[in-house]
Amino acid sequence: MEKLIINRDDEFYRLEVNDKGEYIEFDLTDINLPNKFIKASEELSKIHKVHDSNIAKILEENKENIPKRNDLIIKYELNDCQKMRKIFDNLLGEGACQKIFGDKNNYCMFENLMEALEPHFEKMEIKMEKAKKKLIDKYMPKNSDVM
């Protein structure tokens, strides 16, 4: 069987995410990539807005029953972690959170991940502009009279 191999190294931004040599990659020619970033940020913001108030509510309603309170907080935070894993997997690629975090769950780790990714988003934007220019140069007509 023959293989189709397309060299697209300059169109991807790859980040190694663990000591196993696994990586996540972003297709810089994906016109939906900026929308994925925006959508992920909005979804994470929604979770953060209700998280603290819901934790406070659990604490208030279960002042006297510490074991129940702790159990409810653990279940609530685990549920939020699962939601955020889905958001990041939609953004970074299926299985990305497993590569990055393994089986660990901690509410704050997702905020740390977003902060760690921010400088790379800036670099990707620069590379995206180069990839767009390359595509335009490749496919736009060379005749200056044509728009």
Side-chain angles (χ1 to χ4, degrees), residues 3-62 68-147:
K3 290 183 181 180
L4 175 63
I5 300 172
I6 301 172
N7 184 4
R8 294 175 39 168
D9 286 342
D10 58 340
E11 297 172 3
F12 283 90
Y13 189 90
R14 289 184 179 89
L15 289 169
E16 189 170 336
V17 293
N18 59 34
D19 292 333
K20 298 176 189 174
E22 294 179 306
Y23 62 90
I24 57 175
E25 66 181 11
F26 300 89
D27 182 347
L28 300 178
T29 62
D30 178 0
I31 60 172
N32 198 36
L33 189 58
N35 291 335
K36 288 179 184 178
F37 291 138
I38 292 167
K39 183 178 179 188
S41 294
E42 288 171 349
E43 290 175 357
L44 290 167
S45 179
K46 287 177 188 176
I47 291 172
H48 291 314
K49 283 181 184 177
V50 297
H51 180 83
D52 290 339
S53 62
N54 285 341
I55 293 294
K57 184 178 177 182
I58 291 170
L59 291 170
E60 180 64 31
E61 291 175 354
N62 297 282
K68 180 181 179 186
R69 177 190 72 190
N70 292 343
D71 187 48
L72 289 171
I73 289 172
I74 290 168
K75 286 179 183 176
Y76 180 78
E77 288 207 346
L78 183 58
N79 184 51
D80 275 356
C81 285
Q82 295 305 316
K83 289 178 189 175
M84 289 187 285
R85 275 181 178 269
K86 287 180 184 175
I87 292 168
F88 274 101
D89 278 352
N90 285 336
L91 173 63
L92 306 175
E94 190 173 334
C97 286
Q98 188 63 35
K99 290 177 188 177
I100 297 167
F101 302 120
D103 293 330
K104 177 182 173 183
N105 284 295
N106 175 317
Y107 184 81
C108 296
M109 69 188 192
F110 298 97
E111 186 174 326
N112 294 339
L113 175 58
M114 189 59 97
E115 288 175 9
L117 287 171
E118 281 182 24
H120 295 284
F121 292 153
E122 292 172 17
K123 291 176 187 175
M124 279 186 265
E125 189 173 329
I126 292 166
K127 288 187 102 181
M128 260 192 276
E129 291 303 318
K130 287 180 182 176
K132 285 179 191 175
K133 183 177 180 339
K134 182 179 172 184
L135 285 172
I136 289 170
D137 290 346
K138 182 175 182 177
Y139 293 108
M140 285 298 291
K142 302 296 184 225
N143 186 340
S144 61
D145 294 336
V146 179
M147 283 188 84

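When a residue number appears, it is its place in the shown sequence, counting from 1.
Under the 4.5 Å side-chain criterion, counting only non-hydrogen atoms from C-beta, Leu59 is in contact with Ile73.
Take Asn79 and apply the side chain to side chain donor-acceptor pair (under 3.5 Å) test, not counting sequence neighbours, and it matches no residue. Partners of Asp89 by salt bridge (charged side-chain N to carboxylate O under 4.0 Å, His left out), not counting sequence neighbours: none found. The side chain to side chain donor-acceptor pair (under 3.5 Å) check on Lys36 picks up Asp30, with sequence neighbours excluded. Qualifying side chain to side chain donor-acceptor pair (under 3.5 Å) partners for His120, counting only residues two or more places apart in sequence or in other chains: Tyr13. Residues passing the side chain to side chain donor-acceptor pair (under 3.5 Å) test with Gln82: none are found, sequence neighbours excluded.
A salt bridge (Lys or Arg N to Asp or Glu O under 4.0 Å) check over residues 69-79, counting only residues at least two apart or in different chains, returns the pairs Asp71-Lys75.
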Side-chain donor-acceptor distances from residues 90-100 under 3.5 Å, at least two apart:
residue, atom, partner, partner atom, Å
Asn90, ND2, Lys86, O, 3.3
Gln98, NE2, Asp103, OD1, 3.0
Lys99, NZ, Tyr23, O, 3.0

For residues 110-119, which side-chain N or O atoms pair as donor and acceptor with protein atoms under 3.5 Å away, sequence neighbours left out?
none

Check: residues 38-48 side-chain donor-acceptor pairs under 3.5 Å, at least two apart:
residue, atom, partner, partner atom, Å
Ser41, OG, Phe37, O, 3.1
His48, ND1, Tyr107, OH, 2.6

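Taking each heavy atom of Asn18 and Glu16 in turn, the nearest pair found is O-OE2, 3.2 Å.
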Apply side-chain contact (heavy atoms from CB on, under 4.5 Å) to Leu33 and Leu28, showing your working. CA-CA 7 Å; Leu33 189 58; Leu28 300 178; 4.3 Å; yes
